[in-house]
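Only one structure is covered here, and it is reproduced in the block below.
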Protein chains: 2
Amino acid sequence: MISTDLIKGSLKTIVLKLLEENGRMYGYEITRKVEELTEGKIKLTYGALYPVLHKLESEEVLVTESENFNNRIRIYYSLTPKGHSVVVEKLKEMKEFIESLEKIVNPQPGLRYA
Amino acid sequence: MISTDLIKGSLKTIVLKLLEENGRMYGYEITRKVEELTEGKIKLTYGALYPVLHKLESEEVLVTESENFNNRIRIYYSLTPKGHSVVVEKLKEMKEFIESLEKIVNPQPGLRYA
DNA sequence: TTACAATATATAAGATACTTAAATATACTG
DNA sequence: CAGTATATTTAAGTATCTTATATATTGTAA
């Protein structure tokens, strides 16, 4: 499991990317999906996830639809038009961030096959 | 410039990696180096950097040597033996983190050349 | 049948890490 | 002589996350 310090700050982008990829998802499903994709290395806590979802909704980046499934409430989140453009920005930023980290962690990548 | 939210949590690892790479560095030099390596995309603020350096010193991960250069104090930081093993751990974690992010941001990387 | 695990969301209290801003001081450049 | 670069420090505030707890249903194993 990866130190939670590292994950801080990436949560919003992760959530938005998953919603773009999967159309609509509910909170619990998002935590499952992240665990699945990262082979258990990243686990989102509900105390972090739900407040982020609520905040993104209040910012009109996400909209919700409540549904009943087996007597359990499921609150599906999906991107608004504004949300779609936010994802584009966030992913661009994430990509630059990863590239920057790699330049620090692995300087002179061009020499790997030299 | 990358949103500071993303960088949060990576600061410690970045500092430790640079010190491993360069032997010893002073605070100001670290901010310059990060800017240089990331082409200005990551800028460390002094308010974040110096407290981290002090903390790492108190944890015996770093040691300091104060020197005088042109009437300016320079406090050089370098890794302790403990620091070297901390870097190894932190870099492993960082690598897993980057890989995990890529699995989310860019699912099915194996298909890129398929 | 009872207890535990999984599903599903919510939120309060506390910790921590970072931003912003200001302070201090010297050297160099136009 | 004003502004930029060098160099470190630290206080106050904010944001974000962790931890813990609450609630409720369904499925499973003993």
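Chain A is the first sequence line, chain B the second, and so forth, proteins listed ahead of strands; every chain is numbered from 1. These figures come from a predicted structure and were not determined experimentally.
- Taking both residues in full, the closest heavy atoms of Ser66(B) and Ile75(B) are given as OG-CG1, 3.9 Å, listed atom of the first, atom of the second, then distance.
- Between Tyr28(A) and Arg32(A), the closest side-chain pair of non-hydrogen atoms falls below 4.5 Å.
- Around the NZ atom of Lys92(B), the shell of radius 6.0 Å holds no more than 12 heavy atoms that belong to other residues, nucleotides or ligands.
- Between Lys41(A) and Glu35(A) no salt bridge is recorded (no basic side-chain N to carboxylate O distance below 4.0 Å).
- Glu102(A) is not listed as a side-chain neighbour of Val105(A), based on a closest heavy-atom distance of 4.5 Å or more.
- With rounding to whole Å, Lys43(B) atom NZ is found 18 Å from dC18(C) atom C1'.
- Just one of Leu16(A), Leu19(A), Leu56(A), Val63(A) meets the side chain to side chain contact (heavy atoms under 4.5 Å, CB included) condition when paired with Tyr77(A); it is Leu19(A).
- Closest approach of Gly27(A) and Leu49(A) over heavy atoms only: O-CD2, 3.2 Å.
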Distances under 3.5 Å between protein N/O atoms and the N/O atoms of nucleotides 21-27 of chain C, please, pair by pair.
{"residue": "dT26(C)", "atom": "O2", "partner": "Arg72(B)", "partner atom": "NE", "Å": "3.3"}
{"residue": "dT26(C)", "atom": "O2", "partner": "Arg72(B)", "partner atom": "NH2", "Å": "3.3"}
{"residue": "dA27(C)", "atom": "OP1", "partner": "Asn71(B)", "partner atom": "ND2", "Å": "2.4"}
{"residue": "dA27(C)", "atom": "O4'", "partner": "Arg72(B)", "partner atom": "NH2", "Å": "2.9"}

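- Going from atom CD1 of Ile7(A) over to atom C1' of dT16(C) covers 16 Å, rounded to whole Å.
- Proximity of residues 25-38 of chain B to DNA chain D (heavy atom under 4.0 angstrom from any strand atom) is restricted to Tyr26(B), Gly27(B), Tyr28(B), Arg32(B).
- Within residues 10-18 of chain A, no residue has any heavy atom closer than 4.0 Å to DNA chain C.
- A donor-acceptor pair under 3.5 Å links the side-chain atoms of Thr80(A) to the main chain of Glu60(A), judged by distance alone.
- Contacts classified as side-chain hydrogen bond (donor to acceptor under 3.5 Å, both in side chains) and involving residues 10-26 of chain A (residues at least two apart or in different chains) are given here: Lys17(A)-Glu21(A), Arg24(A)-Glu65(A), Arg24(A)-Glu67(A), Tyr26(A)-Arg74(A).
- Between chain B and DNA chain D, the heavy-atom contact criterion of under 4.0 Å yields a 5' to 3' nucleotide range of dA5(D) to dT16(D).
- Glu59(A) and Lys55(A) are joined by a salt bridge, as a carboxylate oxygen and a charged side-chain nitrogen come within less than 4.0 angstrom of each other.
- Heavy-atom distances to DNA chain C give each of Ala48(A) and Ile73(A) a nearest nucleotide, and the one nearer the 5′ end belongs to Ile73(A).
- Listed in residue order, the members of residues 49-68 of chain B having a heavy atom less than 4.0 Å from DNA chain C are Val52(B), Lys55(B).
- The CG atom of Asp5(B) sits 11 Å away from the P atom of dC18(C) (whole-angstrom rounding).
- Contact check for Met94(B) versus Leu101(A): side-chain heavy atoms found under the 4.5 Å cut-off.
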ask   = Which is it for Glu36(A) and Lys33(A) under the side chain to side chain contact (heavy atoms under 4.5 Å, CB included) test, yes or no, and what are the steps along the way?
value = CA-CA 5 Å; Glu36(A) 183 200 318; Lys33(A) 191 68 182 177; 3.8 Å; yes
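- A heavy-atom distance below 4.5 Å is not found between the side chains of Ile14(A) and Ile30(A).
- Side-chain contact check for Leu18(A) versus Met25(A): some heavy-atom pair is nearer than 4.5 Å.
- The closest side-chain heavy-atom distance from Lys43(B) to Val34(B) is not below 4.5 Å.
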